[in-house]
Amino acid sequence: MVGADVDAHEPASCPTAPVAGVDGVPDGWVVARLYMGGVEWSVCADAAAVLDATADCVAVGVDIPIGLPSGVPRRVCDIETGARLGRARSSVFPAPPRPVLAAASFADACAVARELTGRAISLQTFNIGRKIREWDALDVLPDRVVEVHPELSLRTLAPEVEFAPKKTARGAGQRIAALARWVDPATALADLPAGARLDDVLDALAASWSAGRWARGCAEVIGDEIDERGRPMRVVL
């Protein structure tokens, strides 16, 4: 069963049209496509393939920065997301300015970042730069595609839980229990795709929960800025 959402912030509701959650994996993106009958999994090579795989979805939550800053000020959504996560704020990688993503090496990226913002970027941020570029390079990004942060989605879905790190057994169990408010784990996790780790698929499911809320018009939105390309700098949960 999909959509057994018992979040205290809204009534339970089943999706009437497909929604999807997307998280990065080493060789691309894992996609959880949720529909009335269950969950369909796939691994896509790039962002364009994700859009093709989710063409019938009314909302797609992607765990990647979409709108990008242009200089010194950090995105409001990154600041507020980090504040809400508290001790788990290290899972938030502040989105770098667009020119930083064009750097060929970590050293060059840090030099560009220092010039634009006064500080270097982390190695983790540099390592996900290729993933960010994929989405930023799309000529058209449909309005149904929204940026999400799975850790914040999970804490909104299950606000009473003090989550352990997601790569631990306890953390995985807590996340599966929380997601059971949205989707039946026996259905969702019965046949997972090769190339995706457990924490990746749980993040994709959490992203689909936020996408479902966006589709129903009851999502909370953090940040309301627009970047220089006209793309929203916000996190949906």
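A quick note: this is a predicted structure, and the numbers were derived from the prediction, not measured.
Two different hydrophobic clusters hold Met233 and Val76 under the rule that ILVMFWY side chains link at heavy-atom gaps under 4.5 Å. Under the 4.5 Å side-chain heavy-atom criterion for ILVMFWY residues, a single connected hydrophobic cluster contains both Ile66 and Leu68. Placement of Val100 and Ile132 in two distinct hydrophobic clusters is found when ILVMFWY residues are connected by side-chain heavy-atom separations under 4.5 Å, directly or transitively. Under the 4.5 Å side-chain heavy-atom criterion for grouping Ile, Leu, Val, Met, Phe, Trp and Tyr, Ile128 is connected to Val50 within one hydrophobic cluster. Connection of Leu101 to Phe93 is established within a shared hydrophobic cluster, with ILVMFWY side chains joined at heavy-atom distances below 4.5 Å, either directly or through further cluster members.
Across all non-hydrogen atoms, the minimal contact from Pro97 to Gly71 is CG-O, 4.0 Å. In plain terms, the two heavy atoms of Thr187 and Gly38 that are nearest each other are CG2-CA, 4.1 Å. In this structure, Cys57 and Val60 approach most closely via the heavy-atom pair CB-CG2, 4.0 Å. Considering every non-hydrogen atom in both Cys44 and Ala53, the closest pair reads SG-CB, 3.8 Å. Across all non-hydrogen atoms, the minimal contact from Arg229 to Leu138 is NH2-O, 3.5 Å. Residues Ala211 and Ala59 come closest through the heavy atom pair O-CB, 3.2 Å.
For the atom pair Trp209 CH2 and Leu154 CG, the distance stands at 8.5 Å (nearest 0.5 Å). Atom CZ of Arg234 and atom CG of Asp227 lie 11.5 Å apart (nearest 0.5 Å). The structure places CG of Leu85 at 5.5 Å from NE2 of His149, a figure rounded to the nearest 0.5 Å. To the nearest 0.5 Å, atoms CG (Asp46) and CG (Asp52) are separated by 8.5 Å. Within the model, atoms CD of Glu228 and CD1 of Ile226 stand 12.5 Å from one another, a figure rounded to the nearest 0.5 Å. How far NZ of Lys166 is from CG of Asp199: 5.0 Å, rounded to the nearest 0.5 Å.
Of the possible polar contacts, none joining the Arg197 side chain to the Lys167 backbone as a donor-acceptor pair under 3.5 Å is found. With hydrogens and angles ignored, the 3.5 Å screen pairs a side-chain donor or acceptor of Asp78 with a backbone N or O of Ala95.
The environment of CG in Asp224 is sparse: at most 12 heavy-atom neighbours from other residues, nucleotides or ligands sit within 6.0 Å.
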For residues 109-122, which side-chain donor-acceptor pairs fall under 3.5 Å, sequence neighbours excluded?
| from | atom 1 | to | atom 2 | distance (Å) |
| --- | --- | --- | --- | --- |
| Thr117 | OG1 | Ala113 | O | 2.7 |
| Thr117 | OG1 | Arg119 | N | 3.3 |
| Thr117 | OG1 | Arg119 | O | 3.1 |
| Ser122 | OG | Thr125 | N | 3.0 |
| Ser122 | OG | Thr125 | OG1 | 2.9 |

Solution key, residues 22-31 side-chain donor-acceptor pairs under 3.5 Å, sequence neighbours excluded:
| from | atom 1 | to | atom 2 | distance (Å) |
| --- | --- | --- | --- | --- |
| Trp29 | NE1 | Glu134 | OE1 | 2.9 |

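At a cut-off of 3.5 Å, with distance as the only test, a side-chain donor of Trp182 or Ser208 sits close to an acceptor on the other residue.
Among residues two or more places apart in sequence or in another chain, the side-chain contact (heavy atoms from CB on, under 4.5 Å) test is passed with Arg170 by Ala164, Thr168, Gln174. Judged as a salt bridge (Lys or Arg N to Asp or Glu O under 4.0 Å), and not counting sequence neighbours, Lys131 has no contacts. Applying the side-chain contact (heavy atoms from CB on, under 4.5 Å) test to Leu198 and every residue at least two apart in sequence or in another chain returns Ala172, Val201, Leu202. With sequence neighbours left out, the side-chain contact (heavy atoms from CB on, under 4.5 Å) criterion links Ala188 to Val39, Val183, Leu205. Annotation: salt bridge (Lys or Arg N to Asp or Glu O under 4.0 Å) contacts of Arg84 (sequence neighbours excluded): Glu220. The salt bridge (Lys or Arg N to Asp or Glu O under 4.0 Å) search around Glu40 returns Arg33, not counting sequence neighbours. In this view, Phe126 and Phe106 satisfy the ring pair (Phe, Tyr, Trp, His ring centres under 6.0 Å) rule, not counting sequence neighbours. Under the side-chain contact (heavy atoms from CB on, under 4.5 Å) criterion, Glu160 pairs with Ala158, Arg181, sequence neighbours left out. Every residue meeting the salt bridge (Lys or Arg N to Asp or Glu O under 4.0 Å) condition with Glu151, not counting sequence neighbours, appears here in chain and number order: Arg155, Arg175.
By the 4.5 Å side-chain criterion applied to Ile, Leu, Val, Met, Phe, Trp and Tyr, Val236 is assigned to a cluster that also includes Val146, Val148, Trp214, Val221.
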Practice prompt. Check step by step if salt bridge (charged side-chain N to carboxylate O under 4.0 Å, His left out) holds for Arg87 and Glu162.
Written response: CA-CA 10 Å; Arg87 288 183 297 176; Glu162 187 171 340; 2.3 Å; yes
Practice prompt. Report the C-alpha separation of Arg213 and Leu157 in whole Å, then their side-chain angles, then the decisive distance to 0.1 Å, and conclude whether the side chain to side chain contact (heavy atoms under 4.5 Å, CB included) test is met.
Written response: CA-CA 11 Å; Arg213 280 162 55 96; Leu157 175 59; over 6 Å; no
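Contact check for Val145 versus Trp135: side-chain heavy atoms found under the 4.5 Å cut-off. Using a 4.5 Å heavy-atom cutoff, the side chains of Asp191 and Trp41 are not in contact.
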